[in-house]
Each structure stands twice: as structure tokens, then as C-alpha cells.
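Reading through the C-alpha cells given below for one structure.
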Protein chains: 2
Amino acid sequence: MYSFTEENYLKNILKLHLGGTQVISTNVLAESMHTKASSVTDMIKKLAVKKLLKYEPYRGCVLTNLGKSVAVTTLRKHRLWETFLVNTLSFSWDEVHEVAEQLEHIQSDKLISQLDAFLGFPTHDPHGDPIPQLDGKIATSAFFTLDKAKSQNQLIVCGVLNHTTDFLKYLSKYGIQIGSHLSILQINAFDRSIDLLLNEKQQFNLSNEVVKNILVQFIKQVA
Amino acid sequence: MYSFTEENYLKNILKLHLGGTQVISTNVLAESMHTKASSVTDMIKKLAVKKLLKYEPYRGCVLTNLGKSVAVTTLRKHRLWETFLVNTLSFSWDEVHEVAEQLEHIQSDKLISQLDAFLGFPTHDPHGDPIPQLDGKIATSAFFTLDKAKSQNQLIVCGVLNHTTDFLKYLSKYGIQIGSHLSILQINAFDRSIDLLLNEKQQFNLSNEVVKNILVQFIKQVA
DNA sequence: TTATTTTTTTAGACAAGTCTAAATATTTTT
DNA sequence: AAAAATATTTAGACTTGTCTAAAAAAATAA
């Protein structure tokens, strides 16, 4: 159907759209694809011919509905595979990305629907990102970043914004993972760092840079 | 490491070796790869430079130990994925081949070792073919083809030699699958077809052409 | 052992995707 | 609004893997 490369371009454009950018510039896309601007120009011309995106020279590109649906499917596959790797094959959440980057391109509708069923129709992947559903809908999470929290808040870790191995390893070192409980002890105005209590046990300080990349929600009072 | 295409060439050469051919000719390999002889010549030259096989112009090629180990690893991955698809994701044995052809190229040692463990370290795939072990050893099965059977034999189906969807569907239609019990009622000399009883219930006749492609072993008397 | 057929290789071309370097647009600064 | 800086595109080249058509080698037949 579509090549690995085409799917990767579309997926990256979708991510930039989801990040709030309407029109994607060549340079931004080149950065996101770890390639050169000239390569991007070549490729988006081809994708435009295939009606996967709209492209105006020197202006940038926007996914069409067709392109969006391909990209969303790829994202769905990526996140289902990440869930499989962590839940079924005992990978840690910082090991799954590269492998899922490969698995997301396997072509088989049955494979994905059976995998979805096997995993129990999960709604979020191990990083807390929503898994697009078959109809293309992507849940907008009720999560917010930890830097928005207030003193005394009781929170639960739901995901991260920075998916680099370095960052995930850093969190692992402190024992922070999906489902960890955080109590905000104090917010330090001078550097916006946060003092907190992890799982009612360990107490430590996280820098604003770290805190901006941790997604949380309020602990639900399951009465 | 090695490209999809390189892995596919190596895997096909290995299969031909396992089929009993010492030196693989260009035309035979082209047939097996569904490509043209000129493409094969190009590729085996490249593989020879990489020390994956030995090649003598006009004479054919033979895998080196290095090439063999790459090929065996690919075959191991293929058969583990087929096992996963059938055992875990409820695919039928005639649906798995194409998908496994894709999955076998995913690069991740951890993925394969975890998958192997998750599946319980299987020794044979759903078609009855042995799964190469980590050390590269491939069990030589004690199975034989049904056309070697004698009248009165009590047999159990262990695999097939013909892996085409058509053939597997044909067997499914009769209800023949891995583990089916067969009692040989009569061998018809004139066309070498066999009358048999399936699972002590259904009685029917299979042509020699079909019978030659079914692997069986004697029913073990688990006292 | 020469002639014919078959197999294999070479030569040259093509498609996908990438790159560097140069040219052209666009945006920002002055 | 012109000059400078930045962003984008074009031109031409390279790699991987494929193909067709023609040439060369090997096997087979006469």
C-alpha cells in the first residue's frame, strides 16, 4: 500500500498537527524526520500527487483526510505494539520505541484487530498516550502537565511528553512510572521546581524542565 | 544490519540447502525468489562480497557459516511469529505465512527472546516445521510423509510440505489439522491414493499428490 | 566434435529515497 | 524599501534493488 517511508512522513506530520501546528513547514518536518530539507521537498511533492497532503511551495503542507487516516492508523499500530511489548513481553517503557517503529509498518488488518482484542482493547499506551480507535478517533486526554499542579494536590502519573530514552531512564532511576502517586509538597517560585512525595514514601525535588514533561491527573476517589 | 532483501535471499538459499541441494544455481534461486536470473546474479555478487555466501560464476552459490547463521535466525523468527499468530492471536495455519514474512525482519534480539519465552519455548511451528534454536540447531523431525505409510498404521498429523494457502485450505475443508488422527484403511495400488479414517469418525480418500505433502508420525503409546 | 539449446552474466535503464551545492523565495533587519 | 539573513527548492549525483535485451558460457544433441 504505502511504503515505510511514506507512512513515517505522514505519521510525523500528524504528530506536528496534534502538537498544535496547522501548516507544517519543510524545515520543521526535516528536523522531525532527521533528514534534510531537500529530501522533504522531494517527498511531500510525491505525497501531494497521491492526495495524502496539500502542499503549497514555500508555504508548507497540511494532511488531507486520506493522509490523516493513514497516519492515524500508523499511530494506532505503534501504540498497540508498545502496549504489547510492555504488557505481554515485559519490556520496560523506555525500550519499546525503536521496536514499535518497526512493527507499526506491518501490513495486516487482521493482525491489528486480533492484537487489539488480545490486549483487551486498551485506550492508552504505556506512556499514557491515547491509542487511536478503529474509527480514527483519538481521545483527548484529561491529563495535564505536572507544572500546572498546585500545592497539596494528590496526583497520579499518566504519561510523559518527552519520549527520549534518556528522559524515561531518568524517571526510572527515581522510580517514577505510570501509576505512581505524587503529593505536591511545595512549589518553589524562584526556579519553578517542585518538592514532592512519591508513593507516600520518597521525598525529592524535580526541576521545572522535568516537571513540564510529566503528565498527571487527579487521583480518582473511587469511594 | 542486513536488509529485508538480503535476509530473504539468504533464507531462500537456506531452504534450498535444507531441501537437499548443495550448490544453488542462479535459475533455481530466481524461481524461489520470484524474480529474474539477472537480479539474482547482481545480488549474490553483493552477498559474496559480504562473505555471506561463496559464489563461482556460472557454477552457483553456497552459504558460508556467516550466511547460514543469518538465514537460520530469520527462519527462527519466521516460525516463532507463525506460532504466535496461531497460538496467541487465533490465526488459522493458512493465514499466517504472509504476515510472518513481514514480521521475520523486525530487528530486536530482546523481542525474539521474550517472544520465545512467552510462547513457552516451542520446538515446532503450527505447520509442524522445527523452530531453529538460539544456537542455530534445527531439529530433524522424526516425521515422514503419509505416502510412506502402511495399511493399518495409526498416525498423527504433524505438518505439511506444501505451504500454499490453497493446499492448507483444502486440508481445512476436510478437517485435517496438526494433531488429527489418521488410520490407514487401504492403499490403492493403481493410483497410490489412500483410504483413511480421520479422528475415528470420517472416512475418505486422499490422492497421492495430497498424501505426499502431509507429514505424520506414529501415534505414541503414552502407556 | 560441431551445432543447438539452455543457463548465466553483462550492459544499460529505471524507481525510490537520500544527499550536497547552488539557486531562488521569503522574512527580518536596518 | 533595500540589504541581509533564513527558508525552500532545484539540479545533479549516489545507493539499493529491479528489469529487459543482448552477449557469453555451459550443457546437450546430432
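To find a chain, count down the sequence lines: A is the first, B the second, and so on, and within it residues start at 1.
- In this structure, the side chain of His105(A) engages the main chain of Glu101(A) through a donor-acceptor pair within 3.5 Å.
- At whole-Å resolution of the value, CD in Glu31(B) and C1' in dT7(C) are 14 Å apart.
- Under the 4.0 Å criterion applied to side-chain N and carboxylate O atoms, Glu6(A) and Lys50(A) are assigned as salt-bridge partners.
- Under the 3.5 Å distance criterion, the side-chain polar atoms of Lys54(B) are left unmatched by any main-chain donor or acceptor of Thr64(B).
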What N/O pairs connect the protein and nucleotides 24-29 of chain D at under 3.5 Å? Give each pair on its own line.
residue : atom : partner  : partner atom : Å
dA26(D) : O3'  : Arg59(B) : NH2          : 3.4

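- Figure legend: cation-pi geometry between Lys110(B) and Phe91(A), with NZ or CZ positioned under 6.0 Å from the six-membered ring centre and within 45° of its axis.
- dG17(D) is paired with dC14(C) under the criterion used here, namely a Watson-Crick or G-U wobble arrangement in which both key atom distances are under 3.5 Å.
- Counting any heavy atom pair closer than 4.0 Å across all strands shown, Tyr9(A) reaches sugar-phosphate atoms only and no base atom.
- Heavy-atom nearest nucleotides on DNA chain C were determined for Glu6(A) and for Thr41(B), and the one closer to the 5' end corresponds to Thr41(B).
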Please lay out, stage by stage, how His97(A) and His163(A) fare under the test ring pair (Phe, Tyr, Trp, His ring centres under 6.0 Å). CA-CA 8 Å; His97(A) 188 73; His163(A) 290 166; 7.1 Å; no
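- Partner of Leu10(A) under the side-chain contact (heavy atoms from CB on, under 4.5 Å) criterion, out of Thr73(A), Leu63(A), Thr74(A): Leu63(A) alone.
- At the phosphate of dG17(C), OP1 or OP2 sits under 4.0 Å from a side-chain N or O atom of Ser3(A).
- Atom NZ in Lys50(A) sits about 12 Å away from atom C1' in dG17(C), given to the nearest Å.
- Distances shown here put a side-chain N or O of Lys36(A) below 4.0 Å from the OP1 or OP2 atom of dT20(C).
- Note: CD (Glu56(A)) to P (dT9(D)) measures 11 Å, nearest angstrom.
- Between the C1' atom of dC19(C) and the CE atom of Met43(A) lies a distance of 14 Å, rounded to the nearest Å.
- When the side-chain nitrogen and oxygen atoms of Lys46(A) are compared with OP1 and OP2 of dA16(C), none of them lie within a distance under 4.0 Å.
- By the 4.5 Å heavy-atom criterion applied to side chains, Val160(B) and Leu215(B) are not counted as neighbours.
- OP1 or OP2 of dT10(D) has at least one side-chain nitrogen or oxygen of Lys45(A) nearer than 4.0 Å.
- Residue whose closest nucleotide on DNA chain C sits further toward the 5' end, between Ser38(A) and Asn27(B): Asn27(B).
- Residue Thr35(A) has no polar side-chain atom (N or O) positioned under 4.0 Å from OP1 or OP2 of dG17(C).
- At whole-Å resolution of the value, CG in Asp42(A) and C1' in dA15(C) are 13 Å apart.
- Here dG17(D) presents its P atom at 11 Å from CD of Glu7(B), a figure rounded to the nearest Å.
- Thr88(B) and Phe118(A) get closest at one heavy-atom pair: CG2-CE1, 3.4 Å.
- Between the CG atom of Leu29(A) and the P atom of dT9(D) there is a distance of 11 Å, given to the nearest Å.
- Thr5(B) comes within 4.0 angstrom of sugar-phosphate atoms only, judged by non-hydrogen atoms across all strands, and of no base.
- Distance Ile44(B) CD1 to dT18(D) P: 13 Å, rounded to the nearest Å.
- A close approach under 4.0 Å does not occur between any side-chain nitrogen or oxygen of Tyr2(B) and OP1 or OP2 of dT16(D).
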